[in-house]
Amino acid sequence: MMPTGWKQIEPFIKYGGLLITLLFLAVSEIVLVGYVAQIGVLFTMILFAFRRYYVFLVIGALGSLAVGYQVLGFSSFMMIAWAVVVIPGVLLGGLIASGRSTARAFAYAIGGAAILAVAMYFMQRSMIDMAINELRELTVMFVGDLGLSQVAETNLTDNVVKIVQLVGRLMPSLMALSAIAQLFLGWLLLVVVMHGLGEFFPTMGNFIYWKMPYFYMYGIGLFLVFRLVGPETARMVSDNGLVFLGFFYAVFGFSVIDYYLKRIRLSLFLRILFYIGFAFLQLPGLLLAALIGLLDSHFDFRRVRARIIG
């Protein structure tokens, strides 16, 4: 069965995406529905900007603000909640349409999404701190109801409280990474839809050749220095910076791993088993992948620079 042509499906995508964009702020407080709607808006904004559907773009962007104002009322938080979804999508689609490479366009869009997400964190900081304190108290109560010995209860409580406090400390980077993950999912959905319909839409090339640019290593070094000798505020910023960059190094580390798994002709089933085993390593596995990505940015294990140069 042949796939439906773009001209046949285009109106449904345009008007459906416009409807989701207009309503996404109204459903933003419904956890799962709001998250999925935001991905749909990013999909739509990237498409409208890339295809230069400027009328739909303006109607969706301004109309969603109007609907948000009617439902939520005007506030700085409403504006930043709108911006963190709409602006990165428009930026990514517009830069690709202007001829920028997908990787460079993504770098700018990721930067915009991260800045806006951190701004959202500071606007919500008191609420986030309150929620973390409540979570810590609930955790202590829950552990107390387990009927453990005094020593076991104290140790478990201390460990869980430390984890909750760590999450609170790293919340800026976690919110930034969440916004970037939504941007990536919106872009990936658009890639799948456009390619499935036989339409051109630029990608970032084969995953096994993704590579972290070398100059980010200077950022890692700077954060490590501040982490070791800086005041508390500098250490908190450094912790969030290391987690943020470390996530990307881990992604590119998995790119290196997948390259060599395919090079030794490991079957898809065995590769899946390998990654399941890697997942069981949890944090040590992510740290190992990040280290591989970090080393690859310097040593260029796959000779990606030579491949790009030609």
Please examine the side chains of Phe247 and Ser173, heavy atoms only from C-beta on, and report whether any two atoms are closer than 4.5 Å.
no

- [ ] Would you sort out whether Leu42 and Leu185 count as a side-chain contact (heavy atoms from CB on, under 4.5 Å), showing the intermediate values?
- [x] CA-CA 8 Å; Leu42 285 161; Leu185 289 173; over 6 Å; no

All heavy atoms of Gly94 vs all of Ala49, minimum pair found to be N-CB, 3.4 Å

Cluster membership besides Phe226, Ile/Leu/Val/Met/Phe/Trp/Tyr side chains within less than 4.5 angstrom, sorted by chain and number, is Leu222

Residues at least two apart in sequence or cross-chain that pass side-chain hydrogen bond (donor to acceptor under 3.5 Å, both in side chains) with Trp210, listed by chain then number, are none

* To do: Step through the shown structure and confirm whether more than 12 heavy atoms of other residues, nucleotides or ligands are within 6.0 Å of CZ on Arg104.
  => no

Item to check | Side chain proximity check, Leu224 to Ser238, heavy atoms < 4.5 angstrom | outcome: no

OG1 of Thr21 to CD of Gln38, rounded to nearest 0.5 Å, is 11.5 Å

Check your understanding: After noting the C-alpha distance and the side-chain angles of Leu287 and Leu291, does the key distance pass the side-chain contact (heavy atoms from CB on, under 4.5 Å) rule?
Key -> CA-CA 6 Å; Leu287 292 175; Leu291 179 61; over 6 Å; no

**Asked** Could you go step by step and tell me if Arg51 and Glu199 meet the salt bridge (Lys or Arg N to Asp or Glu O under 4.0 Å) rule?
**Response** CA-CA 11 Å; Arg51 285 284 190 173; Glu199 290 290 305; 2.5 Å; yes

Note: Phe248 and Phe244 closest approach over all heavy atoms is CD1-O, 3.2 Å

### Message
When you compare the side chain of Phe48 with that of Val90, does any pair of heavy atoms fall below 4.5 Å?
### Response
no

Correct closest heavy-atom pair for Ala61 and Ser64 would be O-OG, 2.8 Å

dist Arg227:CZ -> Leu242:CG (nearest 0.5 Å) comes out at 8.5 Å

Open item on the list: Test side-chain contact (heavy atoms from CB on, under 4.5 Å) on Met175 and Ile128; report intermediate values, then the result.
Closed with: CA-CA 11 Å; Met175 290 180 66; Ile128 292 173; 3.8 Å; yes

_Suppose we call two aromatic rings close when their centres sit under 6.0 Å apart. Are Tyr214 and His298 close by that rule?_
yes

key: Side-chain donor or acceptor of Asp296 paired with backbone N/O of Phe301 under 3.5 Å   = yes

Both conditions, 6.0 Å and 45 degrees, for the charged tip of Lys14 above the ring of Tyr53: are they met here?
yes

Do the side chains of Met45 and Met120 join up, straight or via other hydrophobic residues, at under 4.5 Å, putting them in one cluster? yes

When Leu25, Val41, Leu72 are each screened for side-chain contact (heavy atoms from CB on, under 4.5 Å) with Trp82, the one that passes is Leu25

Practice prompt. Check whether any side-chain N or O of Asn159 sits under 3.5 Å from a backbone N or O of Asn155 as a donor-acceptor pair, and report yes or no.
Written response: yes

Quick one: are Met123 and Ser76 in side-chain contact, heavy atoms under 4.5 Å? yes

- Shared ILVMFWY cluster between Tyr54 and Ile59, side chains joined below 4.5 angstrom? yes

State yes or no: do Val86 and Val71 share one hydrophobic cluster built from I, L, V, M, F, W and Y residues joined by side-chain heavy-atom distances below 4.5 Å, directly or via other members?
yes

Hits for ring-ring contact (aromatic ring centres under 6.0 Å, His included) against Phe269, two or more places apart or cross-chain, chain-then-number order -> none

Check: So Phe56 and Tyr15, would you call those rings parallel, tilted or perpendicular, with 30° and 60° as cut-offs?
Finding: perpendicular

Minimal heavy-atom distance between Phe24 and Ala37, with the atoms involved, is CB-CB, 4.2 Å

Of all heavy-atom pairs linking Ala179 and Ala117, the shortest is CB-CB, 4.0 Å

Backbone N/O of Asp129 and side chain of Asn133: donor-acceptor pair under 3.5 Å: yes

Check: Just wondering, more than 12 heavy atoms not from Tyr69 lying within 6.0 Å of its OH?
Finding: no

| hydrophobic_cluster_shared for Leu245 and Phe252, side chain cutoff 4.5 Å | yes

Here the gap from Asp239 atom CG to Leu170 atom CG, rounded to the nearest 0.5 Å, amounts to 6.0 Å

Just list the side-chain donor-acceptor pairs under 3.5 Å for residues 105-112, sequence neighbours left out, or say none.
none

Besides Val36, the hydrophobic cluster formed by Ile, Leu, Val, Met, Phe, Trp and Tyr side chains linked at under 4.5 Å, directly or via other members, contains Leu32

Rounded to the nearest 0.5 Å, the CG atom of Leu268 sits from the CG atom of Leu261 at a distance of 11.0 Å

Glu232 meets the side-chain hydrogen bond (donor to acceptor under 3.5 Å, both in side chains) criterion, sequence neighbours left out, with Arg169, Arg235

Can you tell if the side chain of Arg302 reaches within under 4.5 Å of the side chain of Lys211, non-hydrogen atoms only?
yes

Check this for me: Met204, atom CE, are more than 12 non-hydrogen atoms of other residues, nucleotides or ligands nearer than 6.0 Å?
yes

Rounded to the nearest 0.5 angstrom, the CG-CD1 distance for Leu183 and Ile87 is 12.5 Å

Among the clusters formed by ILVMFWY side chains lying less than 4.5 Å apart, do Phe207 and Leu266 turn up in the same one? yes

Taking every heavy atom of Thr102 against every heavy atom of Pro202, the minimum-distance pair comes out as OG1-CB, 3.4 Å

request  = Please assess Tyr249 against Tyr216 for the test ring pair (Phe, Tyr, Trp, His ring centres under 6.0 Å), listing each intermediate value before the final yes or no.
outcome  = CA-CA 10 Å; Tyr249 276 112; Tyr216 285 106; 7.5 Å; no

pair Gln165-Ile132: side-chain heavy atoms closer than 4.5 Å
no

message: side-chain contact (heavy atoms from CB on, under 4.5 Å) for Leu65 and Met78? Distances and angles first, verdict last.
response: CA-CA 8 Å; Leu65 273 178; Met78 189 271 288; 4.1 Å; yes

Heavy atoms from other residues, nucleotides or ligands near NZ of Lys262 exceed 12 (cutoff 6.0 Å):
yes

| task | For residues Tyr209 and Val256, determine if any side-chain heavy atom of one lies less than 4.5 Å from a side-chain heavy atom of the other. | result | no

d(Leu57 CG, Leu18 CG) to nearest 0.5 Å is 10.0 Å

Self-check item: Sub-4.5 Å side-chain heavy-atom contact between Gln182 and Val84
Solution: no

Counting N and O atoms only, with roles assigned by atom type, does the side chain of Asn240 sit under 3.5 Å from a partner on the main chain of Met236, one being a donor and the other an acceptor? yes

